[in-house]
Visitor: 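One structure follows; several queries about it will come next.
Letters go in sequence order (proteins before strands), and every chain restarts at 1.
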Amino acid sequence: MTSYFAGIDVGSTMTKVVILNQGIVASVIGPTGPEHRRLANRVMDEALNKAQIGFEAVTYVVSTGYGRINVPFADKQFTEIACQARGIASLFPRARTIIDIGGQDVKAIKIDATGRTIDFVMNDKCAAGTGRFIEVIADALGVGLDEVGELSLQSHHPAKISNICTIYAQQEVAASLAEGVPISDLLAGVHQSLAERINTMVNRLRVEDAVIVTGGGAKNRGLLKALSEQLGHEILVPEEPLITGAFGAALLGKEIVEKARQTRTLLQTKQRILEEIEIQ
Amino acid sequence: MAEEVKEVKPKKRMTATRAAASIGPMVKEFITSTLQARAEGRQKLAYTFIVCHHEEILRAMDVIPIWTENFAGICGAKRDAERFLQRAESLGLSRSLCTYALCGIGFDQWREELGQMPPDAPWGGQARPDFMISSGQIICDPRSKWYQASQQFMPDVPIYNIDLPYPLFQRDQDHRDVWDYYHKYIVKQLRGLVAFLEEQTGKKMDYDRLRELVDLSDRTWNLIDETYKLRRAVPCPMGTGDAMNTMVPINFMMATEKAYDFFVDLKKELEEKIARGEGEVENERYRLMWGGGLPAWYALNDFNYFNSKGASFPVETTYRMVAPLNEMDIPETRDPIEHLAWRWLGYWTFWYDKAKKRPGSEPDVERLINWIEEYKIDGVVMHEAFSCRSWHVGLIWQLHQLAKIYKPIPIYVMGKDGKREKVYRELPSLILESDIIDITSYSEVDTRNKIDAFIETLESIRANRAA
Amino acid sequence: MGYVLGIDIGSAYSKGIALGDQGTVDSSVCPSGGDLKLTAERVKEELSFRNGISAHDIMRTVATGYGARSVIFADEVRSDVACHAKGVSSLLPTVKTVIDVGDLYTKVLRIDRNGGVHNFLLSGKCAGGSGRILQVIARVLRVKVEEIGEMSLKSKKRVDFNTGCAVFSESEAISRISEGVTKEDLLAGLHRALAAQINSLVERIGVEPDVAMVGGGARDLGLVKALEEIRGHAILVPAEPHLTAALGAAIIGREQLKKKIES
Amino acid sequence: MEGRGDSILNTVERYYKDYGLRARELRNEGRRLTGYVCSFVPLEIITASGCIPFRVRGDIHEPITTGDTLLETIVCPYYRSCFDLSVKQKYDFLSGMVIPHGCDSMVRSFSAWSYSLPFPYFHFVNIPTVCDQSSIEFFSAELNTFKKSLERFVGKSITEEDLAKAIRVHNENRDRVRDLYEFRKTDPPLISGTELTRTLTVGSSLPVDEANGLYDRVSAEIKQRERSPVKKGPRILIDGACLDNVELIKLVEELGGSVVADTICNGARDYFPKTDIGGNPIDALARRYLEKVNCPKTYRANRAGTFEGDIASRFGDTGVYAKEFKVDGSILYLYKYCDPFGFEVPARKAYYKSINVPLLHLEDVYSAGTMGQLRTRIQAFLEMLG
Ligand SMILES: Nc1ncnc2c1ncn2[C@@H]1O[C@H](COP(=O)(O)OP(=O)(O)O)[C@@H](O)[C@H]1O
Ligand SMILES: Nc1ncnc2c1ncn2[C@@H]1O[C@H](COP(=O)(O)OP(=O)(O)O)[C@@H](O)[C@H]1O
Ligand code: SF4
Ligand code: SF4
Ligand code: SF4
């Protein structure tokens with residue numbers, strides 16, 4: 001019987017699930033709602049359906065991400081840092097620096113040739129330095145998140161955003177828009193401002209090639225361009241940058257099981273039933 | 001925000017005096033001369049800090065001081081500190097620390113990494129020193145930690161660290177009871193510095209020359225005091241905006257003829273202006289005191305903005321590092337080093353006795369009160385620079401205490417019985433918040449809005465002031 | 001003598017007052033939106049149209065607030081510090097300390113009964129301590145910002161709420177609710193935390209009674225109550241606290257007019 | 001186990017939660033308590049005067065409010081919290097307060113403290129930054145001034161015997177703390193980091209002889225233990241300044257690490273160095289505080305002439321502890337706005353690298369609210385040590 005391993009990454013905005021055996025058999029991205037538990041269930045269910053297996057077929061589940069403690073059916077939790085490092089190391093053996101741009105925080109991870117984390121930094125205190133900054137501004141400009149990147153690339157004169165606070169910046173951008181500053185320039189300015197903040201943080205690690213960007217922010221080409229200019233390094237992006245954390249989580253689970261088998265220790269795994277947890 | 005000027009170009013600040021306008025080139029020339037000295041290698045260069053009362057010793061030994069605070073300030077004024085600050089942050093240094101130091105360390109690290117000046121370094125950059133002389137003790141921690149951190153990137157450059165303590169004000173203690181052993185310690189520390197310099201330069205100290213230089217800076221010191229006191233005139237001939245320039249000879253050029261001559265000229269210029277009834281601003285409406293805080297170097301233009309509203313700054317507590325020598329009770333001595341140590345102690349304890357006489361007062365508050373009266377001040381402006389604790393912690397408390405014990409503004413109010421009643425109110429104050437060189441902490445629009453509101457406040461007090 | 005308009009273009013709401021010879025004739029409030037110039041026009045139009053005021057009946061217009069400079073037709077621009085002071089002192093003459101909880105900033109002013117300002121202080125560079133957080137939370141709770149005051153007063157068990165970032169408070173609220181905290185208790189916690197932040201600003205400048213609260217935030221009874229609780233004394237709130245700056249602007253305009261006529 | 005009612009560690013926890021419980025009792029008995037902050041106030045002199053030294057601490061659960069109205073927020077948050085609690089009269093049982101020149105935050109806020117608190121006694125002890133012979137002489141003189149001011153306050157003179165005796169008890173106190181640290185050497189440690197820091201924190205609120213008694217009882221109880229209270233996990237050293245709330249340590253232990261060593265001000269930095277016996281007691285104290293307490297506040301000249309040599313001599317004690325307590329990783333936990341420690345971060349990082357100990361650097365603001373943010377970082381670090 002093939003064993004399956006699942007990784008579930010409950011982010012602040014998106015919940016991602018990856019199911020593995022030898023390779024990825026299914027991956028699903030769904031929104032994270034306020035009720036983490038139920039959504040974790042739903043996304044997991046969807047992934048199982050896609051893989052056409054039942055939950056009992058999954059040997060080990062690792063949860064990660066901002067909502068990792070709210071996954072009742074997980075066997076173990078890891079931080080996104082460990083999971084991203086693991087996932088990226090397997091996808092990009094050359095990777096040395098990972099920058100994960102999420103909605104709630106931004107992390108930079110340095111890994112060595114064996115894929116081990118050697119250092120990391122993160123920002124999660126002020127929205128001004130995270131993906132949320134872009135969300136708020138995009139919202140104020142009435143632009144969809146999937147358009148902001150392309151739009152900003154059309155700009156020739158990025159606007160200078162002088163406020164740091166997301167809220168003040170939102171106000172500033174709205175006012176500039178009314179004064180006729182083109183949306184593309186504003187977006188380019190916003191990307192530059194965020195890229196600057198990320199760059200300062202990341203630099204504490206002394207960035208080395210190859211630099212991989214993951215998380216929702218990696219879907220934003222405008223941000224990537226600004227970031228690569230600031231860093232002075234080329235940037236690589238996984239095909240599906242959102243799921244690398246969940247992928248790494250599944251891999252870590254797989255390793256735990258394999259190690260246990262080798263040393264013949266018994267794994268305390270929970271009963272493999274995905275119960276529907278009702279929340280009012 | 002909406003009205004924010006799109007591309008922030010540092011405009012040249014307009015000065016009110018010729019003397020202040022001559023400062024920029026002087027500093028530039030000075031920086032250039034340090035670079036030249038480095039290239040020629042004939043004289044030793046020393047990183048060091050202002051307000052240490054040791055420049056006479058350096059000059060007597062022909063050591064060229066490189067004032068690292070000055071260079072950081074220049075980066076700030078040119079709005080080009082950010083890249084050095086970011087470097088420092090990348091090293092693991094928190095942005096909450098003294099940004100002068102961060103800028104300096106970031107610059108040093110870059111220069112050492114490249115083996116040459118970082119690209120487009122402001123005014124040619126800061127020369128590599130032969131040694132560093134630090135002095136933190138009671139002025140501030142960064143002064144003893146900064147060079148130590150820089151040394152990581154130039155381990156071959158030795159540091160000599162001296163202590164220059166002074167007794168902190170304590171209400172129930174007379175500073176004269178303790179200052180003998182303070183004096184003794186300072187003297188030993190300064191003698192240690194002399195020995196260190198002798199070792200580094202291979203020269204012997206010429207004590208006659210030292211005595212002459214100490215005498216020169218004493219004379220300059222008194223002259224500065226006389227010159228600055230001219231600013232009591234109404235209208236005020238020179239404001240704090242200019243004083244942020246004329247601090248250069250006080251802090252970076254003491255014990256030189258040039259500094260003395262500068263103040264001779266400035267004094268003459270001010271006297272002429274006073275004779276002509278010429279003020280810093282054309283129609284002086286408000287006289288403000290810069291009551292604390294180092295300036296935001298990239299935003300000196302804000303002084304012009306104040307001026308444009310009719311506000312002049314006849315006096316500031318910042319960089320006014322002198323007090324009349326004859327009013328300081330310092331013992332006579334022929335030994336120049338002993339004299340330096342007494343002058344140091346005399347300066348820091350200058351307001352102690354006065355403060356003890358007024359209940360609730362304290363030296364810094366006492367100085368505010370005295371100058372408010374001497375300079376006929378209408379309001380106090382302070383700058384809370386977030387990264388320097390030394391000059392900026394305690395300002396809020398000082399304002400609090402000032403408001404509590406000193407209410408000079410008479411106004412009429414409606415009393416309980418419906419009759420007009422005269423009461424006294426405290427002086428209005430304005431606290432600006434940003435940083436000395438970290439421009440990301442500053443918003444021009446916010447600052448100017450605050451200034452506008454403050455000016456309106458002054459106006460309304462003026463309108464309601466009881467005769 | 002005609003009418004004087006006071007127009008306060010805030011970052012969230014724009015407010016206008018038309019002042020006639022006998023006092024306030026009408027007021028208007030609308031969201032500020034992006035185009036402030038247009039909003040300013042709209043406020044004027046609305047006041048004029050509803051009260052049949054023709055262009056030459058408007059003797060003077062004084063603008064204030066975040067977007068005051070967008071009121072191109074204004075005769076004068078005054079800071080909202082001065083305008084709030086004027087407005088409050090005309091409504092509540094015993095007030096000596098004014099707390100203005102606006103959208104982006106919180107301000108504290110010390111005033112006299114003539115509406116003169118003696119001293120003032122503004123909150124810093126982070127929107128975490130101003131009224132905006134109320135809107136943010138109201139939105140995630142799917143209630144109207146007008147309702148949150150009442151709701152919070154119904155709370156039985158206030159939770160500890162971390163006000164930090166105004167943006168992230170949203171996610172904190174979401175996760176609290178998903179933990180089963182009621183909206184009422186959450187709001188009470190929010191009000192308490194915000195009030196504590198506001199209070200430390202208030203304390204800095206020193207307080208002289210009576211104390212009034214104005215600005216959009218003062219419409220939130222939960223916040224007023226929380227601040228009263230912390231301070232241990234009553235806080236006066238004028239009937240329409242968000243209008244005091246506009247009112248003050250109009251009064252200033254009227255006074256100027258009077259002076260002009262007299263001289 | 002901890003659950004038993006008669007456990008001394010339960011008592012410790014109670015005194016920890018209600019900090020100052022015993023001090024209030026002593027005050028009611030008519031004793032004089034003298035508050036202090038930082039590890040640079042020579043407690044021996046306070047004890048010798050008959051007063052009881054009481055370490056003023058902050059509370060990360062209490063939002064800083066009143067304190068902020070008098071003191072800038074650019075003061076280190078730990079110190080602001082201490083000030084805030086003091087002006088909120090949490091320490092109204094004190095008769096006085098001694099503040100040393102530990103850092104800029106302490107120097108520049110001295111006026112605000114001394115004018116805002118109603119204590120009859122206030123004193124500032126100036127401390128040299130340089131550590132040479134003239135500094136020791138100066139510091140001795142400054143300590144004599146301190147002694148004289150205490151004498152004036154208590155109305156009696158402090159004799160050499162008084163001092164010698166106080167030095168002895170405080171040394172004994174330090175020996176006992178050392179004994180407690182010994183329990184950390186097993187793997188997993190017999191005493192958890194949370195228990196230890198709680199015990200020391202409580203100890204610093206008691207008269208020194210009572211603290212000695214407390215430590216003895218704690219030691220006796222730990223000796224009885226058969227099992228460690230924590231699971232085996234990465235062994236962590238906490239490097240930093242004042243850590244008088246256990247939440248961070250607790251978090252590390254919750255996440256599977258064991259805190260087994262530290263350099264903190266209310267830990268090894270303060271308790272490991274002892275005062276020399278014999279000779280002039282004031283001079284001996286001057287030497288202990290200036291030369292033996294290893295804090296970034298004092299300037300240690302670079303005698304090696306190389307960076308590597310310099311950091312080895314400045315941070316060598318950390319390396320010794322790391323070896324002695326078999327540390328797997330270190331957490332450098334610093335407060336925002338702390339200049340003395342803040343400027344050392346790059347050098348400390350380099351030092352850890354040189355001794356091959358992985359390091360996590362955290363900058364925090366002294367609030368329980370940030371523990372959530374620290375959780376992910378710490379968990380990831382422990383994963384890294386794996
Ligand atoms: N399609 C998209 N195009 C551009 N940016 C996106 C897109 N989707 C998400 N983002 C960005 O990614 C962020 C969310 O990233 P994600 O990794 O999902 O965060 P989390 O892990 O916290 O849920 C958003 O704040 C947004 O800035
Ligand atoms: N009825 C209300 N109840 C609670 N809060 C309100 C109410 N109305 C407005 N607010 C709050 O007040 C703020 C706006 O205040 P306002 O004084 O109009 O600000 P500004 O002048 O800066 O636009 C908003 O951020 C909102 O959160
Ligand atoms: S006094 Fe302030 S600005 Fe100057 S070096 Fe010290 S901390 Fe920095
Ligand atoms: S500055 Fe703005 S974005 Fe940052 S914490 Fe404050 S409210 Fe949030
Ligand atoms: S943590 Fe740092 S800044 Fe705070 S009191 Fe200690 S030494 Fe001073």
Side-chain angles (χ1 to χ4, degrees), chain B residues 91-94 96-98 101 105 134-138 140-142 144-146 148-149 151-153 155-156 158-163 165 167-173 177-178 181-182 184-185 188-189 192 360 362 364 384-398 400-401, chain D residues 69-76 101 103-105 107-112 114-116 122-124 126 128-130 132-135 137-138 141-142 145 149 152 296-299 301-302 305-311 314 334 336-340 342-350 361 363:
Chain B
L91 298 170
L93 296 165
S94 161
S96 65
L97 306 173
C98 166
I105 297 167
S134 59
S135 170
Q137 217 277 326
I138 208 154
C140 75
D141 299 324
S144 57
K145 303 309 288 180
W146 172 348
Q148 198 178 38
Q151 207 186 36
Q152 176 165 0
F153 312 107
D156 57 315
I159 299 175
Y160 196 76
N161 184 33
I162 51 172
D163 269 2
L168 218 59
F169 179 76
Q170 308 200 45
R171 192 154 272 284
D172 52 2
Q173 172 185 297
D177 289 346
V178 299
Y181 68 80
Y182 272 78
K184 198 166 135 205
Y185 184 38
K188 282 194 179 167
Q189 291 287 303
E362 185 268 359
D364 287 336
E384 282 281 7
F386 76 81
S387 74
C388 161
R389 267 146 292 292
S390 188
W391 307 122
H392 304 88
V393 169
L395 295 182
I396 294 181
W397 179 78
Q398 283 167 30
H400 238 268
Q401 209 64 6
Chain D
T69 66
L70 294 164
L71 213 58
E72 282 76 2
T73 49
I74 59 172
V75 167
C76 131
H101 172 207
C103 60
D104 290 349
S105 289
V107 176
R108 298 299 156 194
S109 63
F110 179 72
S111 293
S114 66
Y115 281 73
S116 312
F122 250 99
H123 191 76
F124 178 84
N126 210 344
T129 301
V130 172
D132 63 16
Q133 187 50 39
S134 62
S135 325
E137 285 160 19
F138 167 79
E142 184 72 7
T145 303
S149 92
R152 273 201 304 278
K297 178 236 142 5
T298 33
Y299 180 84
N302 180 350
T306 60
F307 174 64
E308 292 70 25
D310 186 34
I311 52 177
R314 273 159 65 201
L334 302 180
K336 203 175 169 187
Y337 300 115
C338 170
D339 297 294
F343 277 105
E344 291 197 336
V345 171
R348 269 182 208 262
K349 278 188 170 168
H361 167 210
E363 182 178 86

Visitor: Is D:Ala301 close to chain B through its backbone or its side chain, or both, or neither, when contacts mean heavy atoms under 4.5 Å?
Guide: neither

Visitor: Does any heavy atom of chain D fall under 4.5 Å from the side chain of B:Tyr185, the backbone, both, or neither of them?
Guide: side chain

Visitor: Got a sec, which residues hit side chain to side chain donor-acceptor pair (under 3.5 Å) with D:Glu142, two or more places apart in sequence or on another chain?
Guide: B:Tyr181, B:Tyr182

Visitor: Tell me, for D:Ser109 versus chain B, whether the close heavy atoms (under 4.5 Å) come from the side chain, the backbone, both or neither.
Guide: both

Visitor: Determine yes or no for a side-chain-to-main-chain donor-acceptor pair under 3.5 angstrom, with B:Lys145 supplying the side chain and D:Pro296 the backbone.
Guide: yes

Visitor: In terms of heavy-atom pairs under 4.5 Å, which option from B:Cys98, B:Ser390, B:Pro158 contacts chain D the most?
Guide: B:Ser390

Visitor: With chain B as the partner, which of D:Ala347, D:Pro128, D:Cys338 has the greatest number of non-hydrogen pairs under 4.5 Å?
Guide: D:Pro128

Visitor: Is the backbone N or O of D:Cys103 less than 3.5 Å from a side-chain atom of B:Asp141, with the two atoms forming a donor-acceptor pair by type?
Guide: no

Visitor: Quick check on D:Lys349 against chain B: is it the side chain, the backbone, both or neither that has a heavy atom closer than 4.5 Å?
Guide: side chain

Visitor: For B:Ile162, which atoms come within 4.5 Å of any heavy atom of chain D: side chain, backbone, both, or neither?
Guide: backbone

Visitor: Please classify the contact between D:Arg348 and chain B as side chain, backbone, both or neither, with a heavy-atom cut-off of under 4.5 Å.
Guide: neither

Visitor: In terms of heavy-atom pairs under 4.5 Å with chain B, which of D:Gly342, D:Ser116, D:Pro340 leads?
Guide: D:Pro340

Visitor: Mind checking whether B:Arg171 and D:Phe122 have side chains closer than 4.5 Å, heavy atoms only?
Guide: no

Visitor: Taking side chain as everything from C-beta outward and backbone as N, CA, C, O, which of these in B:Asp364 sits under 4.5 Å from a heavy atom of chain D? Side chain, backbone, both or neither.
Guide: neither

Visitor: With rounding to the nearest 0.5 angstrom, report the CD to OG1 distance, B:Gln173 to D:Thr145.
Guide: 6.5 Å

Visitor: State the CZ-CD distance between D:Phe138 and B:Gln137, to the nearest 0.5 angstrom.
Guide: 6.0 Å

Visitor: I'd like to check B:Ile138 versus D:Val107 (side-chain heavy atoms, cut-off strictly below 4.5 Å). Are they in contact?
Guide: yes

Visitor: Treating B:Arg389 as the side-chain partner and D:Tyr337 as the backbone partner, does any N or O pair qualify as donor plus acceptor under 3.5 Å?
Guide: yes

Visitor: So which residue, B:Lys184, B:Gln170, B:His400, ends up with the most heavy-atom pairs under 4.5 Å with chain D?
Guide: B:Gln170

Visitor: Please identify, among D:Glu308, D:Lys336, D:Arg314, D:Glu344, the residue contributing the most non-hydrogen atom pairs under 4.5 Å to chain B.
Guide: D:Arg314

Visitor: Is there side-chain contact between B:Glu384 and D:Glu72, with at least one heavy-atom pair below 4.5 Å?
Guide: yes

Visitor: Taking every non-hydrogen pair under 4.5 Å, which of B:Pro142, B:Ser94, B:Ala101 racks up the most with chain D?
Guide: B:Pro142

Visitor: Which heavy atom of B:Asp163 sits nearest to which heavy atom of D:Val130, and what is that distance?
Guide: OD2-N, 3.0 Å

Visitor: Considering only heavy atoms from C-beta outward, does the side chain of D:Asn302 approach that of B:Ile159 to under 4.5 Å?
Guide: no

Visitor: Using 0.5 Å steps for rounding, measure from the CG atom of B:Leu97 to the CD1 atom of D:Ile74.
Guide: 11.5 Å

Visitor: Which of the residues D:Leu70, D:Val345, D:Asp104 is involved in the greatest number of heavy-atom pairs with chain B at under 4.5 angstrom?
Guide: D:Asp104

Visitor: Please look at B:Phe153 and chain D and tell me whether the side chain, the backbone, both or neither of the residue comes under 4.5 angstrom of a heavy atom of that chain.
Guide: neither

Visitor: How long is the span from the CG atom in B:Asn161 to the OH atom in D:Tyr299, to the nearest 0.5 Å?
Guide: 5.5 Å

Visitor: For the interface with chain B, which of D:Cys76, D:Ser114, D:Ser111, D:Gly305 has the highest count of heavy-atom pairs at distances below 4.5 Å?
Guide: D:Ser111

Visitor: If I compare all heavy atoms of D:Phe110 with all of B:Phe169, which pair ends up nearest, and what's the gap?
Guide: CE2-O, 3.9 Å

Visitor: Once rounded to the nearest 0.5 Å, what's the spacing between atom OG1 of D:Thr73 and atom CD1 of B:Ile396?
Guide: 7.0 Å

Visitor: Quick check for you: to the nearest 0.5 Å, what is the distance between B:Leu93 atom CG and D:Glu363 atom CD?
Guide: 10.5 Å

Visitor: Minimum heavy-atom separation for B:Gly92 and D:His361, please, with both atom names.
Guide: O-CE1, 3.8 Å

